[in-house]
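Keep in mind that the numbers below use all heavy atoms, side chains included, and drop hydrogens, waters and symmetry copies.
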Amino acid sequence: MYKDTNCGEPREATVGSQVTVAGWVHRRRDHGNLIFIDLRDRSGLLQVVFNPEYGEKAHDLAGSLRSEWVVQITGKVVSRLPGAENPDLPTGMVELSATDLVVLNRSLTPPFEIVDDSEVDANTRLKYRFIDLRRPRMQEILKLRHKVTHIMWDYLTEKEFTQVETPILIKSTPEGARDYVVPSRVHPGDFYALPQSPQQLKQLLMVSGVERYFQIARCFRDEDLRADRQPEHTQLDFEMSFVHQDDVMAVVEELYMKIANETRPDAKIPATFPRLTYAEAMERFGSDKPDLRFGMELTTITETAASSDARVFQAVASSGGSIRGFVATGCGNYGRRQTDNLTEFAKSSGAQGLVFIALDESAPSIDALEEDHIKSPLKKFLSLDVIKKIATEMGAEPGDLMLIVAGTEKLANTVLSNLRGEMAKRLDLADPNEFSFVWVYDFPLFEWEEELNKFEPAHHVFSSPKAEHMDYLESDPGKVIGTLWDLVCNGSEMGSGSIRIHDKDLQTRLFNIIGYTEDQINDRFGQLLTAFTYGAPPHGGMGLGLDRLVAILAGESAIREVIAFPKTQSAYDPLFEAPSPIEDQQLEELHVRIVMPKT
RNA sequence: GGUCCCGUGGUGUAGUGGUCUAACACGCCUCCCUGUCAAGGAGGAGAUCGUCAGUUCAAAUCUGAUCGGGAUCGCCA
């Protein structure tokens with residue numbers, strides 16, 4: 001070894017010992033005859049002092065050191081001079097008095113500083129990701145991610161799960177997300193696809209009698225990127241045989257509790273994860289992934305609003321729409337600019353407009369509201385009585401701002417849940433140190449796709465309908481609830497699970513409802529259906545996003561920050577400069593011809 | 001595919017029609033310095049302001065296009 005001690009280790013207890021350390025020159029403070037170096041390795045920082053009295057050659061050489069040079073230093077751990085201690089460093093009571101210095105490698109001046117608080121352009125960071133990852137913060141995240149997966153392995157092993165790897169080169173199944181495809185050299189004209197998830201494979205493993213499978217699996221989707229979406233992401237994928245919904249949830253709940261407690265002991269975590277039905281989540285929060293860290297729940301006021309003289313409300317109500325809203329507590333004093341801003345926000349989420357009713361805090365009570373206490377663009381059309389009634393229904397008090405959206409139920413929900421999140425951000429209501437896990441269950445199995453004029457699976461086609469809904473699978477698919485649930489935390493979807501179908505006939509019925517032809521079914525799912533005819537056990541499981549989990553634990557909003565080598569928003573890797581053209585010979589071998597898009 | 005924000009020495013920012021021959025901080029280079037820890041002091045180098053076109057007597061600054069980054073809608077079973 002080039003070192004016998006890590007930089008972060010020396011303490012007062014080790015004073016007097018002779019040690020050799022190795023690492024990167026983090027900073028140099030040259031006083032001429034006395035030179036200080038902060039030496040950095042994965043364990044932390046150690047101050048090294050070069051004094052010609054103790055090592056003349058080392059001192060001479062130390063004068064030429066520069067940032068990020070890699071060095072090996074031998075010396076004695078000594079107490080710092082009284083008054084020269086640095087309480088900000090764990091090793092701050094001591095320093096290394098250097099006697100020998102070896103330069104193991106030099107470094108160019110790095111393109112940016114290796115410190116946590118510099119906000120460097122994303123492109124530069126990714127181009128020099130190997131330097132970016134030297135930042136203590138990034139090292140911390142890499143270790144956090146490792147710790148999370150380690151706990152997963154340990155916990156699931158203890159629960160008698162078997163880890164099984166599944167192929168990366170598999171088959172394209174064109175529904176759902178766009179596939180990444182790989183041309184086959186051996187089969188001209190044919191392509192593999194990278195898996196969007198190991199869904200069918202893990203179900204096949206259940207048929208194989210594995211009973212408890214897990215994998216920390218890479219999943220690929222060729223869709224546009226977002227802060228929380230990369231072309232490849234990692235899932236904790238698992239599946240269990242002979243289980244019901246509660247059995248699956250119990251595993252995840254215990255595991256995630258353990259992960260959160262062990263990695264973030266400082267954070268607030270619910271003792272058990274609350275459960276909401278999909279219908280309740282939509283009703284109370286307008287979203288199937290509600291953030292439960294704050295209130296501002298939604299209220300439906302369709303009838304009361306429609307009883308006013310406001311034509312917007314009347315029109316929406318009579319066309320079967322919904323008028324809903326929530327109370328932004330203490331925002332009754334919002335001025336024109338702020339309300340305009342919120343209207344703008346609502347419109348960007350698809351709303352026609354935003355109706356607000358501001359109640360001045362000088363009003364003694366809702367009952368005693370007077371015209372002067374009210375500000376609203378619809379004031380002319382809303383009688384005092386109607387406003388009082390709306391305020392009472394919504395639970396508003398003087399000094400509050402009521403935000404109301406009218407439209408189809410779906411639109412009102414989308415807009416209001418976005419607006420609710422936005423208000424929480426503005427009012428700083430969401431505690432970043434709280435992990436508000438919640439189960440959302442009883443999802444509908446199908447969604448009506450307006451544009452395609454047909455039903456599509458709300459999650460995926462393998463989820464089992466509730467037994468009591470089997471009868472109207474064909475007659476009214478929209479009403480069918482699946483044994484299908486999500487794990488949600490702080491307003492983002494952390495994973496999705498279900499009890500699967502294990503019966504060929506039922507699975508075929510589901511395929512028929514969403515309009516697959518027999519050929520399509522056989523081509524894409526033949527292997528699964530065949531397997532089902534050879535004694536498939538009842539089974540269920542989940543796929544849980546690892547990147548999003550680590551991001552939430554790390555307090556990061558973009559999963560890019562918790563992936564060692566991520567891609568930019570245009571799915572480009574500035575470090576490797578991927579994707580890139582390949583040699584003509586490679587194309588030839590793969591039987592692929594390039595056709596550039598017309599510009 | 002749409003919308004919005006950003007692009008100025010190595011890094012982060014300021015400058016929004018002439019005063020820009022482009023400012024500041026950090027970093028970098030040289031020298032001085034034995035107790036610093038974001039060391040200090042003195043001096044120095046480094047940018048045709050993402051690119052292209054246009055408007056103008058005059059463009060970092062205005063307009064258009066384009067490229068790149070980011071946010072978001074569509075998309076993401």
Measuring from atom CG of Asp222(A) to atom CD of Glu232(A), what distance do you get when rounded to the nearest 0.5 angstrom?
12.0 Å
Determine the interatomic distance between [atom1] on [N] and the same-named atom on [M]; round to the nearest Å.
{"N": "rA22(B)", "M": "rG50(B)", "atom1": "P", "answer": "16 Å"}
{"N": "rG15(B)", "M": "rC49(B)", "atom1": "C1'", "answer": "10 Å"}
{"N": "rC52(B)", "M": "rU8(B)", "atom1": "P", "answer": "15 Å"}
{"N": "rG2(B)", "M": "rA65(B)", "atom1": "P", "answer": "11 Å"}
{"N": "rG74(B)", "M": "rA38(B)", "atom1": "C1'", "answer": "46 Å"}
{"N": "rA47(B)", "M": "rG41(B)", "atom1": "C1'", "answer": "28 Å"}
{"N": "rG69(B)", "M": "rA25(B)", "atom1": "P", "answer": "32 Å"}
{"N": "rG27(B)", "M": "rG12(B)", "atom1": "P", "answer": "15 Å"}

[X] [atom1] - [N] [atom2] separation (whole Å):
{"X": "Leu225(A)", "N": "rA71(B)", "atom1": "CG", "atom2": "C1'", "value": "13 Å"}
{"X": "Asp30(A)", "N": "rC29(B)", "atom1": "CG", "atom2": "P", "value": "12 Å"}
{"X": "Arg125(A)", "N": "rG10(B)", "atom1": "CZ", "atom2": "C1'", "value": "17 Å"}
{"X": "Glu456(A)", "N": "rC76(B)", "atom1": "CD", "atom2": "P", "value": "8 Å"}
{"X": "Asp121(A)", "N": "rC5(B)", "atom1": "CG", "atom2": "P", "value": "19 Å"}
{"X": "Asn123(A)", "N": "rG12(B)", "atom1": "CG", "atom2": "C1'", "value": "16 Å"}
{"X": "Gln569(A)", "N": "rC4(B)", "atom1": "CD", "atom2": "P", "value": "15 Å"}
{"X": "Leu108(A)", "N": "rU11(B)", "atom1": "CG", "atom2": "P", "value": "14 Å"}

For [N], give its Watson-Crick or G-U wobble partner with both distances under 3.5 Å, or none.
{"N": "rC24(B)", "value": "rG12(B)"}
{"N": "rU30(B)", "value": "rA42(B)"}
{"N": "rU36(B)", "value": "none"}
{"N": "rG68(B)", "value": "rC6(B)"}
{"N": "rU48(B)", "value": "none"}
{"N": "rA53(B)", "value": "rU63(B)"}

OP1 or OP2 of [N] versus the side-chain N and O atoms of [X]: is any pair under 4.0 Å?
{"X": "Ser67(A)", "N": "rC28(B)", "result": "yes"}
{"X": "Ser348(A)", "N": "rC73(B)", "result": "no"}
{"X": "Arg226(A)", "N": "rC73(B)", "result": "yes"}
{"X": "Thr109(A)", "N": "rG27(B)", "result": "no"}
{"X": "Asn33(A)", "N": "rU34(B)", "result": "yes"}
{"X": "Arg29(A)", "N": "rU36(B)", "result": "no"}
{"X": "Arg229(A)", "N": "rC73(B)", "result": "no"}
{"X": "Arg221(A)", "N": "rC75(B)", "result": "no"}

Could you tell me whether [X] contacts a base, only the sugar-phosphate backbone, or nothing, with contacts defined as non-hydrogen atoms closer than 4.0 Å?
{"X": "Glu53(A)", "answer": "base"}
{"X": "Ser570(A)", "answer": "sugar-phosphate"}
{"X": "Glu85(A)", "answer": "base"}
{"X": "Val120(A)", "answer": "sugar-phosphate"}
{"X": "Gly32(A)", "answer": "base"}
{"X": "Glu447(A)", "answer": "nothing"}

Looking only at the side chain of [X] (C-beta and beyond, no hydrogens), which of the listed nucleotides [options] gets closest?
{"X": "Ala84(A)", "options": "rU36(B), rG69(B), rU72(B)", "value": "rU36(B)"}
{"X": "Ala122(A)", "options": "rG70(B), rU34(B), rG74(B)", "value": "rG70(B)"}
{"X": "Arg560(A)", "options": "rG69(B), rC75(B), rA71(B)", "value": "rA71(B)"}
{"X": "His31(A)", "options": "rA71(B), rG69(B), rU36(B)", "value": "rU36(B)"}

If only side-chain N and O atoms count, and only distance matters, is there a donor-acceptor pair under 3.5 Å linking [Y] with [X]?
{"X": "His460(A)", "Y": "Arg500(A)", "value": "yes"}
{"X": "Ser197(A)", "Y": "Gln235(A)", "value": "no"}
{"X": "Asn418(A)", "Y": "Ser349(A)", "value": "yes"}
{"X": "Ser498(A)", "Y": "Ser463(A)", "value": "yes"}
{"X": "Asp486(A)", "Y": "Tyr278(A)", "value": "no"}

5' priority, RNA chain B, between Leu81(A) and Glu113(A) [closest heavy atom]
Glu113(A)
Nearest-nucleotide check on RNA chain B, Gln47(A) vs Arg27(A); residue mapping nearer the 5' end is Gln47(A)
Between the base of rC29(B) and the side chain of Arg66(A), is there any donor-acceptor pair under 3.5 Å?
no
Which is it for Asp442(A) and Lys466(A) under the salt bridge (charged side-chain N to carboxylate O under 4.0 Å, His left out) test, yes or no, and what are the steps along the way?
CA-CA 9 Å; Asp442(A) 278 2; Lys466(A) 294 236 159 191; 2.8 Å; yes
Step through it carefully: locate the ring centre of Phe532(A), locate the ring centre of Phe525(A), and say whether they are under 6.0 Å apart.
no
Whether the side chain of His59(A) engages the backbone of Asn33(A) through a donor-acceptor N/O pair (distance < 3.5 Å, no angle test) should be reported.
yes
Does the ring of Phe36(A) lie flat against the base of rU36(B), closer than 5.5 Å centre to centre with planes under 30°?
yes
